[in-house]
Amino acid sequence: MITRGIDHIGITVPDMEQATLFLQQAFGAQLAYDHITPDDPHRKDPRQSLN
């Protein structure tokens, strides 16, 4: 089987701002949209509820 391309990928990161800065600096990525804003409430890590 030959891969002909990649449509999209998903990446989970602990710090969105740090990850955004890294992708911009390392790959020249441009922010297309920002769905989560600094005013949004903190979201609990879903892995914590597995215990």
Side-chain angles (χ1 to χ4, degrees):
M1 181 165 75
I2 297 173
T3 301
R4 296 194 287 169
I6 298 173
D7 183 66
H8 67 277
I9 61 171
I11 302 172
T12 302
V13 297
D15 185 326
M16 183 66 81
E17 291 177 6
Q18 187 178 30
T20 299
L21 183 61
F22 168 76
L23 293 170
Q24 288 171 332
Q25 292 176 344
F27 302 108
Q30 296 179 355
L31 187 62
Y33 69 93
D34 188 1
H35 186 69
I36 300 173
T37 68
D39 296 330
D40 288 340
H42 177 72
R43 296 182 182 183
K44 183 179 175 184
D45 185 342
R47 294 173 293 180
Q48 292 175 351
S49 63
L50 296 176
N51 296 333

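This structure is a prediction, so every number in the text was calculated from the model and none was measured. Heavy-atom basis, side chains included; hydrogens, waters and symmetry copies ignored.
Grouping the Ile, Leu, Val, Met, Phe, Trp and Tyr side chains by contacts below 4.5 angstrom, directly or via other members, places V13 with I9. When the side chains of ILVMFWY residues are joined at heavy-atom separations under 4.5 Å, either directly or via intervening members, I11 and L31 end up in two distinct hydrophobic clusters.
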* To do: Could you walk me through whether L21 and Q25 pass side-chain contact (heavy atoms from CB on, under 4.5 Å), step by step?
  => CA-CA 6 Å; L21 183 61; Q25 292 176 344; 3.4 Å; yes
